[in-house]
Amino acid sequence: VYTVGHVALKQLAYIEEVHAEQLRRSQAAAVRAKRTQSEDALEAELGEELAKAGEEADATRDAAEADLARLVAAYGPLVVRVCAAEGASDALRAVAVLTLCKLMLVSEAFCEAQLSLLFTLLAREPCESIRVNAIVCLGDLIARHPNAVDPWTGRIFACLEDPTVAVRKHALMVL
């Protein structure tokens, strides 16, 4: 279960890195190739070339993200079942919650679908470390998918009343 989340997150980071590098290289090449032309013609051609390079980089990123979506579709239901299983060990559920969070970071649609599960775990989970991990994950989700998490902000504030000091501390840092 851990490997699925780790691979998904690493692949997302790689996709973002490659996309940024493609854009940077294409912009630099376009600028070098057009240095000798007049400024008006340069701006027109440079704009067209940058737009074309941006479209190519976006197409590459979209294809890679489609692969990630298939990974989430294949393993997401298993991870959700493990997170929701009450009889599973705390260690297994902790790893499953971390994997759930990583998959939520990778896919906004999956994130929106599973936010209710994450907040249910946050409210009802007896294991302190799982609640702490969930609240830390929420900080990452707020940065990655702010529109999806925004309606749940009140529930994050409710974590400030958690009986455990560590959960309250992490909730305060997230807010």
Side-chain angles (χ1 to χ4, degrees), residues 1-20 23 54 57-59 61-175:
V1 174
Y2 171 81
T3 305
V4 172
H6 189 69
V7 167
L9 199 56
K10 289 295 186 179
Q11 189 172 357
L12 177 66
Y14 179 72
I15 290 168
E16 295 295 327
E17 183 180 318
V18 167
H19 181 256
L23 288 176
D58 288 344
R61 183 182 63 196
D62 290 345
E65 286 180 353
D67 288 341
L68 276 176
R70 285 191 288 278
L71 178 75
V72 171
Y75 292 101
L78 171 67
V79 172
V80 168
R81 279 196 306 273
V82 173
C83 287
E86 293 181 17
S89 70
D90 285 348
L92 177 61
R93 292 186 70 222
V95 171
V97 169
L98 286 174
T99 302
L100 175 73
C101 294
K102 290 176 182 181
L103 294 178
M104 290 171 75
L105 284 168
V106 168
S107 169
E108 187 169 9
F110 186 76
C111 176
E112 290 172 353
Q114 301 307 325
L115 274 170
S116 61
L117 173 62
L118 187 62
F119 279 100
T120 299
L121 288 170
L122 198 55
R124 298 182 184 163
E125 178 59 47
C127 180
E128 173 187 338
S129 64
I130 293 175
R131 291 195 319 271
V132 168
N133 286 338
I135 199 74
V136 169
C137 167
L138 282 169
D140 295 336
L141 289 174
I142 288 169
R144 178 85 175 150
H145 308 299
N147 294 335
V149 181
D150 187 49
W152 298 87
T153 306
R155 301 278 298 269
I156 298 172
F157 277 102
C159 294
L160 294 173
E161 298 176 0
D162 193 274
T164 308
V165 174
V167 174
R168 290 193 308 259
K169 174 185 159 195
H170 285 86
L172 186 59
M173 289 191 300
V174 164
L175 294 170

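Both backbone and side-chain heavy atoms feed into the values below; hydrogens, waters and symmetry mates do not. All values reported here derive from a predicted model rather than from experimental measurement.
Atoms NZ and NZ, from Lys102 and Lys10 in turn, are 8.5 Å apart once rounded to the nearest 0.5 Å. We find the CG-CG distance between Leu118 and Asn133 to be 10.5 Å, quoted to the nearest 0.5 Å. Note that CG of Leu12 is 10.5 Å distant from OG of Ser107, once rounded to the nearest 0.5 Å.
Heavy-atom minimum distance, Ala166 versus Glu128: CB-OE2, 3.3 Å. When every heavy atom of Glu112 is checked against every heavy atom of Ala148, the shortest pair comes out as CG-CB, 3.6 Å. Leu105 and Arg144 get closest at one heavy-atom pair: O-NE, 3.1 Å. When all heavy atoms of Arg168 and Asp162 are compared, the pair lying nearest together is NH1-O, 2.7 Å. Across all their heavy atoms, Val106 and Ala8 have their closest contact at CG2-O, 3.6 Å.
At a threshold of 4.5 Å between non-hydrogen side-chain atoms, the residues Glu125 and Val167 do not count as touching. Side chains of Phe110 and Val80 form a contact here, defined as non-hydrogen atoms less than 4.5 Å apart. Here the side chains of Asp140 and Cys101 are not in contact, with every heavy-atom distance at 4.5 Å or above. Side-chain contact check for Val95 versus Leu98: every heavy-atom pair is 4.5 Å or farther apart. Side-chain contact between Met173 and Val136 is absent, with no heavy atoms from C-beta onward closer than 4.5 Å. Between Thr164 and Val132 the shortest side-chain heavy-atom distance does not fall below 4.5 Å. With a 4.5 Å cut-off on side-chain heavy atoms, Leu138 and Ile135 count as touching. Two residues are said to be in side-chain contact when any heavy atoms from C-beta on lie closer than 4.5 Å; Leu122 and Arg155 fail this criterion.
Counted within 6.0 Å of CZ on Phe119, heavy atoms from surrounding residues, nucleotides or ligands total more than 12; the atom is thus considered enclosed.
Considering only residues two or more places apart in sequence or on other chains, Leu175 meets the side chain to side chain contact (heavy atoms under 4.5 Å, CB included) condition with Ile156, Phe157, Leu160. With sequence neighbours excluded, the residues forming a side chain to side chain contact (heavy atoms under 4.5 Å, CB included) with Cys83 are Val79, Ala96, Val97, Leu100, Leu117, Leu121, listed by chain and number.
No donor-acceptor distance shorter than 3.5 angstrom exists from the side chain of His145 to the backbone of Leu141, with no hydrogens or angles considered. Checked by atom type and distance alone, the side chain of Arg93 never pairs as donor or acceptor with a backbone atom of Ala88 at under 3.5 Å.
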(request) Report the C-alpha separation of Thr153 and Asp150 in whole Å, then their side-chain angles, then the decisive distance to 0.1 Å, and conclude whether the side chain to side chain contact (heavy atoms under 4.5 Å, CB included) test is met. (result) CA-CA 5 Å; Thr153 306; Asp150 187 49; 3.6 Å; yes
